[in-house]
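The shown structure was predicted, so the numbers you read here are calculated from the model rather than taken from an experiment.
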Amino acid sequence: MRVITGSARGRTLETLRGDDVRPTTDKVKEAVFSMIQFEIEGRDFIDVFAGSGQMGIEALSRGARSATFLDRSRRAIGCIERNLKVTNLQPFATVIAADSVQYLRSTDRKFDVAFLDPPYNLGILQEIMPIIAQNMRKTGVIICESALNDKILQKYYKFTLDRERTYGKIKVSTYRHEDFLT
C-alpha cells in the first residue's frame, strides 16, 4: 500500500495483517479522494476505525490541515504511528486509542471530512453516523465505506445521503449537510 499523491507520494505504508482487518483497496481510496479532491486542502480530517491510517495519511499528504486517527486497537495505533513517521506527517496528526462512539460523544472537536470504515455488517454505521454527524462542520462531508448489504439510512441528524457508488462488494456513501447539498 502506497500514498497516491501529495507530499508523501509513493511512500510505502505498513498494513495490518489478520482476519479481523480489511484495508481499503487502492481502487476505493482513489475513488474516495477523487470525489473530495477539492475539499481536502486546509481542512480537518478524521479517520474513524483508522486501521493502518492510510486514509488520513493520504488526506495529510494532499494538504489537509490536520488528521485525527481513531482506533481502539493498540496494534492499529502502533501501525498508524509508524506510518506517520515514515511519511514525516506526525506534526499534523493526532492519534487516539479509544472506542469511536465514546470518543465522538465526549469530544467537542469539529471536523470537515470524516472517513468511516467500520467492520462490515455489524450495525456499527447505524450507531455511529448520528454521532459523527454532530461532530461535523456544516460545510463538511462524511464518507462511509461499507458492505453492499450494510443497512444505512438516507439521513443522519442534518446530513443527507448525497452519493452512493459501488466497487465490487464495497459501497461508498457520501453525506452532506442538508444546507449544502448540490
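Side-chain contact check for Thr94 versus Ser66: every heavy-atom pair is 4.5 Å or farther apart. Contact annotation: the side chain of Tyr156 approaches that of Gln126 to within less than 4.5 Å [non-hydrogen atoms, C-beta and beyond]. A 4.5 Å side-chain heavy-atom check between Asp162 and Val141 finds every atom pair outside the cut-off. Within the 4.5 Å cutoff, the side chain of Thr24 has heavy atoms near those of the Gln54 side chain. Contact of the Phe111 side chain with the Ile142 side chain is not registered, since no non-hydrogen atoms from C-beta on lie closer than 4.5 Å. Taking the side chain as every heavy atom from C-beta outward, Glu14 and Val86 never approach each other to under 4.5 Å. Met136 has its side chain out of reach of Tyr175: every pair of non-hydrogen atoms, C-beta onward, lies at least 4.5 Å apart. Between Ser61 and Thr87 the shortest side-chain heavy-atom distance does not fall below 4.5 Å.
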Q: List the steps and the verdict of side chain to side chain contact (heavy atoms under 4.5 Å, CB included) for Leu89 and Ser7.
A: CA-CA 9 Å; Leu89 294 169; Ser7 65; 4.0 Å; yes

Q.
Would Lys85 and Glu81 count as a salt bridge (Lys or Arg N to Asp or Glu O under 4.0 Å) here? Give the steps.
A. CA-CA 6 Å; Lys85 187 175 182 180; Glu81 289 171 343; over 6 Å; no

Q | Worked check of side chain to side chain contact (heavy atoms under 4.5 Å, CB included) between Ile170 and Tyr120 | A | CA-CA 10 Å; Ile170 297 170; Tyr120 289 176; 3.7 Å; yes

Q) Run the side chain to side chain contact (heavy atoms under 4.5 Å, CB included) check on Arg65 and Asp112 step by step: do they pass? A) CA-CA 10 Å; Arg65 173 178 40 217; Asp112 298 298; 4.0 Å; yes

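Without hydrogens or angle criteria, Asn121 side chain to Ala147 main chain gives no donor-acceptor distance under 3.5 Å. Between the side chain of Glu58 and the main chain of Ile4, a donor-acceptor pair closer than 3.5 Å is present. Between the side chain of Arg75 and the backbone N or O of Arg17, at least one donor-acceptor pair lies under 3.5 Å.
Note on Leu125 and Leu153: same hydrophobic cluster, where clusters join Ile, Leu, Val, Met, Phe, Trp and Tyr whose side-chain heavy atoms are under 4.5 Å apart, directly or indirectly. Under a hydrophobic clustering in which Ile, Leu, Val, Met, Phe, Trp and Tyr are joined whenever their side-chain heavy atoms come within less than 4.5 Å, directly or via other members, Met1 and Val32 fall into different clusters. Hydrophobic clustering (ILVMFWY, side-chain heavy atoms < 4.5 Å, transitive): Phe49 and Ile46 are in one cluster. Cluster annotation: Ile143 and Val28 are assigned to the same hydrophobic cluster (Ile/Leu/Val/Met/Phe/Trp/Tyr, side-chain heavy-atom contacts under 4.5 Å, transitive). When the side chains of ILVMFWY residues are joined at heavy-atom separations under 4.5 Å, either directly or via intervening members, Leu116 and Leu122 end up in a single hydrophobic cluster.
One finds the NZ atom of Lys155 at 4.0 Å from the CD atom of Glu178 (value rounded to the nearest 0.5 Å). Here the CG-CD1 distance, from Asn135 to Ile131, works out to 8.5 Å after rounding to the nearest 0.5 Å.
Minimum heavy-atom separation, Gly51 to Leu16: C-CD1, 3.7 Å. Nearest heavy atom pair, residue Glu145 against residue Phe115, reads OE1-CZ, 3.5 Å. Nearest heavy atom pair, residue Ala93 against residue Leu60, reads CB-CD1, 4.3 Å. Gly53 approaches Phe69 most closely through the heavy-atom pair O-CE2, 3.3 Å. Considering all non-hydrogen atoms of both residues, Tyr167 and Lys27 come closest at CD2-CE, 4.0 Å. Of all heavy-atom pairs spanning Ile77 and Asp71, the tightest one is CD1-O, 3.5 Å.
A perpendicular orientation is assigned to the rings of His177 and Phe159, their planes being inclined by more than 60° (bins at 30° and 60°).
Between Asp44 and Arg109 there is no salt bridge, since no side-chain nitrogen of the basic residue lies less than 4.0 Å from a carboxylate oxygen of the acidic one.
Within 6.0 Å of CZ in Arg72 there are 12 or fewer heavy atoms belonging to other residues, nucleotides or ligands.
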